[in-house]
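Keep in mind that what you see is a predicted model, and the values were worked out from it rather than measured. Keep in mind that the numbers below use all heavy atoms, side chains included, and drop hydrogens, waters and symmetry copies.
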Amino acid sequence: MAIKLFDSLKREIRELSPSHPDGVFRFYNCGPTVYAPAHIGNFRTFVINDVLRRLLELELGPDRVKHVRNLTDVDDRTIGQSKKEGHPLGQITKKWTDKFHEDCAALNCLRPHVEPTATGHIPEQVNMIEVLMQKGNAYRAPDGSVYFKIASFPDYGALSRIKERELKVTNSAFDADHKDDVGDFALWKAYKPEDDGEVQWPGPQGASAGRPGWHIECSAMIKKHLGETIDLHTGGVDLLFPHHENEIAQSQCCNGTTFARHWYHSEHLLVDGTTMSKSKGNYYTLGDLVAKGYSPMAVRYALLMGHPRKQLNFTLDSLHAAESALASLRAFRATLPATGGDPGVFAAEFEALNNDLNTPAALGALFTVVNTKGLVVHAAAFDRVMFALGLDLNAVAAKTAAPAAITALADQRWAAKKAKDFTAADALRKELTAAGWSMLDRKDGYSLEPLKK
RNA sequence: GGCGCGGUAGCCAAGUGGUAAGGCCGAGCUCUGCAAAAGCUCUAUGCGCCGGUUCAAUUCCGGCCCGCGCCUCCA
């Protein structure tokens, strides 16, 4: 069953397929900038891409997919954070890269096969810029920076339909003074002592020392790790323009061949009905949600509850729903026999996923199976669905340890109950409730959980 | 101003030219000393509004209202 996915460039749903003779599918997903903890909007994109990676593996085989996701470790924000904290750039980016990996692991995202960094590919970027300068697609600005000349690439704007847009006239235009055209973008930024601190590298031939512009890192790293033509390039919608538009321009002008055969962009997450943004401050990190008592797996589930190409309004209620849904799946899984059953019962789930990554439809179909009485489900078939969605049912929210005073009350109540002194037991339960704890009795003992609001 | 997306039950959210998946919440029941958990059952004559096409529209077309996003370094 071929995987079909919307192509942002051709604007239609198309089948994914490897194009290289080795049969390896080349998949590049634009990664995070490592200067702060990623927020759940970022993770929506990475979780969606993780499902895509899993589907590709199921479709083509684990050894026939090469997944690359970069780490942007030098740009205005990373440098800004470095200056703010007074620590070297590398120390800052290491810290947030580690945190990013920790969060990804908690969300059960498969590790990409390669996670290249911008600072680890300076020569590759410089080389690419030099080629672009030689070919006449780039020019040196008076300050020693290098810009890409969009007028030199007739296809510029195909992805974002920039020519059909009437650009709002804005001030902004940082570096505008040095550009030939406002649409030209920086390939190399000349060193500015007041802004860049210690961060600089020797520049391309004829340019000043400095650092690469943002867009070039992806072009250079893709070329190095995946080749001149890749099978799929993905990211959040916000990257469509200018980032991906610029990547196409750089790569195609430099390499003279198709850059990416398929483009896919996932929509943004909304919180409280509006897009998350650092400037608005209405965002959650994974840590924020875990601190509220939700499990990372519930976060993952909640991120899959909406269609990836549609904005999803994220709420804490949806996390609660996700937590309950996971508990149902967990309970259902426990009832499955190890053998027997129809392996084909989950066809609808895969059909939904393979049809433009319709995760909510897949989850709906999943529960239809779960709710169908008398259906004999093969455990392995169920596990395959869980793998595709990346839902680890064994991952449970870390239990909050009860304070000693609470444990003492619980022990008293347990003893009272054993002694059939129900009046005392009930009184103690009330005390526990008043203290914000719920005591869950079992046959052989009890557990304590913080009271849900 | 330009480009694009969306409005489906209390909340979240699929979907289709032939009469509305699923999750949460809520209600009832079963089961448990109580509580929780678990299980069972129920919950939109309706898909923003107004027209049109059609035997038939939530689904197609037109208009309108509302919301959201992007428009040069935010996934």
Asks: With stacking defined as ring centroids separated by under 5.5 Å and planes differing by under 30°, is A:F367 stacked against B:G22?
Replies: no
Asks: Send over the distance from A:L428 CG to B:C34 P, rounded to a whole Å.
Replies: 17 Å
Asks: In the structure shown, which nucleotide is the Watson-Crick or G-U wobble counterpart of B:C24, with both distances under 3.5 Å?
Replies: B:G10
Asks: Ignoring backbone atoms, test whether A:K310 places a side-chain nitrogen or oxygen under 4.0 Å from the OP1 or OP2 oxygen of B:C68.
Replies: no
Asks: A:L239 near the nucleic acid: base, sugar-phosphate alone, or nothing, with a heavy-atom cut-off under 4.0 Å?
Replies: sugar-phosphate
Asks: Would you mind classifying the nucleic acid contact of A:G213 as base, sugar-phosphate or nothing, using non-hydrogen atoms under 4.0 angstrom?
Replies: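 Contact class for A:G213: none.
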Asks: Applying a 4.0 Å non-hydrogen cut-off, can you work out what A:L312 is touching in the nucleic acid: base, sugar-phosphate, or nothing?
Replies: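 Sugar-phosphate: the residue A:L312, judged by heavy atoms under 4.0 Å, touches backbone atoms but no base.
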Asks: Under 4.0 Å between a side-chain N/O of A:H320 and OP1 or OP2 of B:C25, yes or no?
Replies: yes
Asks: Counting only side-chain nitrogens and oxygens, does A:N371 get under 4.0 Å of the OP1 or OP2 atom of B:A21?
Replies: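 Negative; the distance criterion is not met.
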Asks: Please confirm whether any donor atom in the side chain of A:D238 sits under 3.5 Å from an acceptor in the base of B:G69, or the reverse.
Replies: no
Asks: Would you kindly give the NE2-to-C1' distance between A:H307 and B:A13, to the nearest whole Å?
Replies: 12 Å
Asks: Looking at every strand, decide which applies to A:G364 at a 4.0 Å heavy-atom threshold: base, sugar-phosphate, or nothing.
Replies: base
Asks: Any N or O donor-acceptor pair under 3.5 Å from the base of B:A35 to the side chain of A:R429?
Replies: yes
Asks: Taking only N and O in the side chain of A:R161, is any of them less than 4.0 Å away from OP1 or OP2 of B:G4?
Replies: yes
Asks: Any donor-acceptor pair under 3.5 Å between the side chain of A:D441 and the base of B:C34?
Replies: yes
Asks: Whether the A:T315 and A:N313 side chains hold a donor-acceptor pair (N or O, under 3.5 Å, no angle test) is what I'd like checked.
Replies: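 There is no such pair (donor and acceptor under 3.5 Å, judged by atom type) between the side chains of A:T315 and A:N313.
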Asks: Does B:G62 pair with anything, Watson-Crick or G-U wobble, both distances under 3.5 Å, and if so, with which nucleotide?
Replies: B:C50
Asks: With the threshold set at 4.0 Å, does a side-chain nitrogen-carboxylate oxygen contact exist between A:D103 and A:K99?
Replies: yes
Asks: Taking A:K4 first and then A:E12, would you say they form a salt bridge - that is, a charged N and a carboxylate O separated by under 4.0 Å?
Replies: no
Asks: State which of B:G33, B:U72, B:C68 makes the closest approach to the side chain of A:K417.
Replies: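 Per side-chain heavy atoms of A:K417, the pick is B:G33.
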Asks: If you check every side-chain atom of A:P360, which of B:A75, B:A14, B:C24 has the closest atom?
Replies: B:A14
Asks: Do the numbers put A:R69 on top of the ring of A:Y28, so that NZ or CZ is under 6.0 Å from the six-membered ring centre and no more than 45° off the axis?
Replies: no
Asks: Is the phosphate of B:C74 approached by A:R77 (side-chain N or O, under 4.0 Å from OP1 or OP2)?
Replies: yes
Asks: Using a strict cut-off of less than 4.0 Å between a Lys/Arg side-chain nitrogen and an Asp/Glu carboxylate oxygen, indicate whether A:D356 and A:R14 qualify as a salt bridge.
Replies: no
Asks: Is there a donor N/O on one and an acceptor N/O on the other, under 3.5 Å, for the side chain of A:R413 and the base of B:G33?
Replies: yes
